[in-house]
Amino acid sequence: MKYISEFSEPALLKDISENIRRNTADIGKKIKIMEVCGTHTMSIGRSGLRSMLPDNIVLLSGPGCPVCVTPAEYITSAIELAGSKDNIIATFGDMIRVPNSAGQSLGSMSSEKIRVVYSPLESLAIAKKHPEKRVIFLGVGFETTAPVVAHTLQTALKEKINNFYCLSAHKLVPPALKALVSGGGNEIDGFILPGHVSVIIGCGSYRDIGIRGVVTGFEPADILNGINMLVSQILEDRNDIENQYRRAVTESGNILMKQAMDEVFVTADTKWRGLGTIPLSGLALSLIYSDFDASKLLSGRILEEEDPASCRCGEVLRGICTPRECPLFGGNCIPENPVGPCMVSSEGACSAYYKYEV
Amino acid sequence: MCLAVPVKIIRIDGTRGIGEIGGVDREIDLTFLEDPRVGEYVLLHAGFAIQKIDEKEACETLEAFKEFKKYI
């Protein structure tokens with residue numbers, strides 16, 4: 001398939017990984033590279049990239065799995081809203097099995113109440129089809145997804161689809177990166193920056209954070225190339241933001257999508273599961289769209305929830321420990337019976353490790 | 001959630017269109033693209049085209065990969 005196959009050819013992957021091996025031969029210490037985005041985590045696992053790298057390169061997964069960083073109390077809120085006979089919940093598929101701290105998930109509710117959608121526009125269609133119900137879309141995702149949800153809300157406003165609502169848990173990547181580097185404890189040498197988030201926000205969005213990073217595509221050759229570019233920066237003692245994904249990412253991103261986000265959402269201090277509250281790192285509905293805000297439908301304040309004892313998802317998300325170092329991994333916490341979100345999500349580090357690295 | 005796939009635009013009808021990948025046709029919303037054309041490749045995410053794939057840059061990236069062979 002065009003723009004996929006050419007970037008996955010085994011001979012090419014061998015050439016790039018040999019080059020990385022050659023370049024890192026004289027670096028005495030371990031190099032810690034964090035891939036921020038969950039889709040990179042899955043791509044790395046699926047293509048067996050770790051086995052192509054020298055032992056002194058350590059790949060750590062970061063907090064760029066939107067399902068993994070959604071607080072447990074958001075799931076509790078969604079379950080409460082689903083409980084009303086007048087409500088239908090529409091959601092992306094990987095939210096279905098995420099447990100809250102009591103082990104409850106949306107998946108245990110009937111399929112009439114919970115509708116899985118590929119695009120938020122489908123949830124608008126459900127709202128039009130069921131004017132007697134409130135249709136509440138669970139807005140989870142980073143800057144790749146938020147503009148698409150924004151456009152859906154703009155359409156709802158224009159067409160007066162007043163039974164449509166959004167419960168926003170949308171989050172922004174650059175503030176999380178700032179929090180990661182200032183939080184310490186992980187000493188990351190370089191970041192593989194999320195390719196498709198960067199399509200929207202542009203390379204320029206990372207320049208004031210003070211990190212070494214390469215915006216990287218998702219095919220195996222892209223990721224190896226991105227790692228090679230980071231290694232070159234380390235060897236040359238540079239701290240730059242570079243663009244490996246030039247066929248899709250520009251310096252300023254997609255202006256139309258940024259405008260949609262700016263019109264529909266405002267930034268807000270937001271809790272990330274595992275990282276705590278990060279200033280101005282989330283998106284809430286703006287005043288013009290407040291009638292579509294599903295948080296107003298909740299009965300009262302939803303209490304913050306603690307992660308299950310022994311679950312180390314928070315440290316995994318910050319790159320402080322690997323999934324294998326969690327006492328629950330592979331025992332009490334497996335894909336069929338997940339305890340924490342990192343095992344549930346198709347993009348979670350624990351899920352990827354379980355599938356591909358064990 | 002960052003998953004987006006490259007599809008080829010095979011039909012355009014206002015802000016909507018059809019994209020093709022691996023022999024499968026997908027509906028795409030073209031609202032966020034300026035001047036999309038049939039035959040162009042775009043990245044599809046959650047039903048929306050989020051970017052045109054720059055063919056020239058793609059070729060240059062693949063060409064640059066050939067440089068790695070020099071060092072082997």
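Below, each value reflects all heavy atoms present in this structure, side chains not excepted, and no hydrogens, waters or symmetry copies.
In terms of heavy-atom pairs under 4.5 Å with chain B, the best-connected choice from A:N225, A:V149, A:N228 is A:N225. Your options are A:L121, A:V117, A:V197, and the one with the most heavy-atom pairs under 4.5 Å with chain B is A:L121. Counting heavy-atom pairs under 4.5 Å between each of B:G47, B:A46, B:A64, B:P6 and chain A puts B:A46 at the top.
The parts of A:A221 that come within reach of chain B are both its backbone and its side chain, each placing non-hydrogen atoms under 4.5 angstrom from that chain. For chain A, the nearby part of B:L43 is the side chain; its heavy atoms alone come within less than 4.5 Å. With a 4.5 Å cut-off on non-hydrogen atoms, B:K8 does not touch chain A at all. With a 4.5 angstrom heavy-atom cutoff, A:I255 does not touch chain B via any of its atoms. Both the backbone and the side chain of A:Y118 come within contact range of chain B, each with at least one heavy atom under 4.5 Å from a heavy atom of that chain. Heavy atoms closer than 4.5 Å to chain A are found nowhere in B:E60, neither backbone nor side chain. At a 4.5 Å heavy-atom cutoff, the contact between A:M257 and chain B is made by backbone and side-chain atoms alike.
The structure places CZ of A:R247 at 13.5 Å from OH of B:Y41, a figure rounded to the nearest 0.5 Å. In this structure, the separation between NE2 on B:H45 and OG1 on A:T145 is 3.0 Å, given to the nearest 0.5 Å. Separation of atoms CD (B:E67) and CG (A:N19) is listed at 10.0 Å; rounding is to 0.5 Å. For the atom pair CZ (B:F48) and OG1 (A:T152), the distance works out to 5.0 Å, reported to the nearest 0.5 Å.
Looking at heavy atoms from C-beta onward, B:L3 lies out of side-chain contact with A:T144 at the 4.5 angstrom threshold. At a threshold of 4.5 Å between non-hydrogen side-chain atoms, the residues A:Y245 and B:T61 do not count as touching. A:Y3 is not listed as a side-chain neighbour of B:V5, based on a closest heavy-atom distance of 4.5 Å or more.
The local environment of CZ in B:R16 is crowded, with over 12 non-hydrogen atoms from other residues, nucleotides or ligands closer than 6.0 Å.
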(request) Starting from the C-alpha separation in whole Å, work towards a yes-or-no answer on side chain to side chain contact (heavy atoms under 4.5 Å, CB included) for B:D54 and A:T250. (result) CA-CA 10 Å; B:D54 187 323; A:T250 61; over 6 Å; no
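Taking non-hydrogen atoms and a 4.5 Å limit, the residue list of residues 22-39 of chain B in contact with chain A, ordered by number, reads B:G22, B:R26, B:D29, B:T31, B:F32, B:L33, B:E34.
A:K2 has no carboxylate O lying under 4.0 Å from a charged side-chain N of B:E20, or vice versa, which leaves the two without a salt bridge. Between B:E57 and A:R246 there is a salt bridge, since a side-chain N of the basic residue sits under 4.0 Å from a carboxylate O of the acidic one.
Panel note: side chain A:D15, backbone B:K66; no donor-acceptor pair is recorded below 3.5 Å.
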